[in-house]
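Notes for the one structure printed next.
Everything quoted here is computed from the prediction, not taken from an experiment. Atoms within each ligand, like the ligands themselves, are counted from 1 in listed order.
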Amino acid sequence: MSRDSVDLEDLEGIGPKTAQLLKSKGILSVKHLALFNPEELIELTDMTPDRVEKILRSARDIVFGSNRVSRATDLARSFEGIIRLKTNVRAIDDLLQGGLEPKAIYEFAGEFGTGKTQLCHQLSVTVQLGQDKGGVGGSVVYLDTEEAFSPSRIVNIAQRFDLDPNEALDNIYVIKVVNAADLEDRIKFDVVKLVEQANVKLIVVDSIIALYS
Ligand SMILES: Nc1ncnc2c1ncn2[C@@H]1O[C@H](COP(=O)(O)OP(=O)(O)OP(=O)(O)O)[C@@H](O)[C@H]1O
Ligand SMILES: [Mg+2]
């Protein structure tokens with residue numbers, strides 16, 4: 001059984017009622033559920049600790065496998081031939097050994113006006129390109145904490161990469177974030193939902209620091 005074909009109801013200890021409760025709290029899939037820690041889920045659902053632990057354990061086993069021990073040699077092999085996302089800024093791609101790795105978190109730091117937001121916009125376009133052009137054919141969630149997102153910059157960049165500007169804009173989900181607590185909420189709920197339902201391959205937070213300054 002593949003992890004994507006498992007419904008919440010199929011999990012041991014979850015009946016239709018509990019599945020409904022979880023869905024009402026924004027937890028739509030076993031994959032999402034598996035990422036919760038017990039304290040968070042207890043707070044969210046008022047279920048007993050024993051029950052929560054049992055449910056989370058079986059969710060993790062399904063999503064990540066019940067045997068998660070692997071030899072480092074096998075792990076090393078799994079990194080061979082991974083598809084990287086190019087920024088198409090040659091110096092940065094060289095620095096990143098060809099582009100951004102999948103499933104990785106990158107932090108771009110620099111003084112104001114150095115191009116962090118520009119790079120985020122460029123990646124929001126290049127991620128949509130096909131693999132032959134250095135992209136991964138995905139859409140984007142852009143968490144915007146400083147009202148920095150600019151559709152006109154996207155249009156310019158899309159034209160530069162021969163992508164239909166309207167299509168490029170259509171594949172970017174912009175979420176306005178108002179403070180640090182809101183960022184957490186948006187990631188836990190809106191972002192998870194979009195990742196599951198909208199072929200999202202890139203999540204941008206521009207910027208985190210603005211929330212703490
Ligand atoms: N709409 C725009 N079109 C073209 N260039 C722009 C536009 N907005 C900003 N720029 C320029 O692009 C460069 C990089 O700006 P960018 O906003 O990416 O910097 P940043 O590193 O995100 O800065 P900050 O720390 O203030 O957010 C700057 O020289 C800026 O003047
Ligand atoms: Mg910026």
Side-chain angles (χ1 to χ4, degrees), residues 26 28 31-32 35-36 40 79 82-213:
L28 305 178
K31 208 168 158 185
H32 187 191
L35 297 175
F36 275 78
E40 279 179 318
F79 277 99
I82 55 164
I83 294 152
R84 290 172 180 266
L85 165 60
K86 280 194 166 51
T87 64
N88 277 287
V89 179
R90 186 166 312 145
I92 298 178
D93 287 336
D94 287 348
L95 199 67
L96 296 169
Q97 292 164 327
L100 276 66
E101 256 180 38
K103 300 185 182 175
I105 297 175
Y106 289 85
E107 183 178 7
F108 300 118
E111 290 199 20
F112 64 89
T114 47
K116 303 180 295 293
T117 295
Q118 183 66 25
L119 188 58
C120 292
H121 280 66
Q122 180 135 331
L123 280 167
S124 298
V125 173
T126 60
V127 71
Q128 301 185 35
L129 300 171
Q131 268 177 36
D132 52 329
K133 291 180 175 167
V136 292
S139 57
V140 184
V141 174
Y142 201 108
L143 292 146
D144 188 7
T145 69
E146 350 183 88
E147 307 210 13
F149 183 78
S150 159
S152 66
R153 282 214 230 183
I154 295 295
V155 168
N156 289 341
I157 298 167
Q159 285 164 341
R160 141 89 175 78
F161 287 101
D162 289 329
L163 202 67
D164 174 5
N166 289 323
E167 202 181 304
L169 290 169
D170 232 22
N171 285 324
I172 304 174
Y173 299 88
V174 183
I175 303 177
K176 188 178 166 179
V177 176
V178 295
N179 58 35
D182 190 39
L183 177 64
E184 271 195 34
D185 275 356
R186 302 281 68 81
I187 288 174
K188 269 188 206 152
F189 302 107
D190 298 348
V191 175
V192 169
K193 199 166 166 185
L194 285 165
V195 167
E196 283 174 355
Q197 297 174 353
N199 190 33
V200 169
K201 299 288 184 196
L202 174 73
I203 299 163
V204 173
V205 183
D206 184 15
S207 72
I208 285 187
I209 210 77
L211 301 174
Y212 300 93
S213 53

Handout entry: Exam field: side chain His121 to backbone Pro151, donor-acceptor pair closer than 3.5 Å
Key = no

Exercise for the section: Give a yes or no on this: more than 12 heavy atoms of other residues, nucleotides or ligands lie within 6.0 Å of atom NZ of Lys193. Expected result: no

Practice task
Examine distances only and state if a side-chain atom of Tyr106 and a backbone atom of Glu101 form a donor-acceptor pair shorter than 3.5 Å.
Solution key: yes

Exercise for the section: Report the distance from atom CG of Asn179 to atom OH of Tyr212, rounding to the nearest 0.5 Å. Expected result: 9.0 Å

Exercise for the section: Could you tell me whether any N, O or S atom belonging to Thr117 is less than 2.8 Å from the Mg ion (ligand 2)? Expected result: yes

Exercise for the section: Tell me the residues surrounding ligand 1, counting only those with a heavy atom closer than 4.0 angstrom, sorted by chain and number. Expected result: Glu111, Phe112, Gly113, Thr114, Gly115, Lys116, Thr117, Gln118, Glu146, Arg153

Exercise for the section: Return yes if some donor-acceptor pair links the side-chain N/O of Arg84 with the main-chain N/O of Leu96 below 3.5 Å, else return no. Expected result: yes

Which pairs of donor and acceptor atoms, one on a side chain in residues 122-131, lie under 3.5 Å apart (sequence neighbours left out)?
| unit_1 | atom_1 | unit_2 | atom_2 | d |
| --- | --- | --- | --- | --- |
| Gln122 | NE2 | Thr87 | O | 3.0 |
| Ser124 | OG | Cys120 | O | 2.7 |
| Thr126 | OG1 | Lys86 | O | 3.0 |
| Thr126 | OG1 | Gln122 | O | 3.4 |
| Gln128 | OE1 | Asn171 | ND2 | 3.0 |
| Gln128 | NE2 | Ser124 | O | 3.0 |
| Gln128 | NE2 | Ala168 | O | 3.0 |

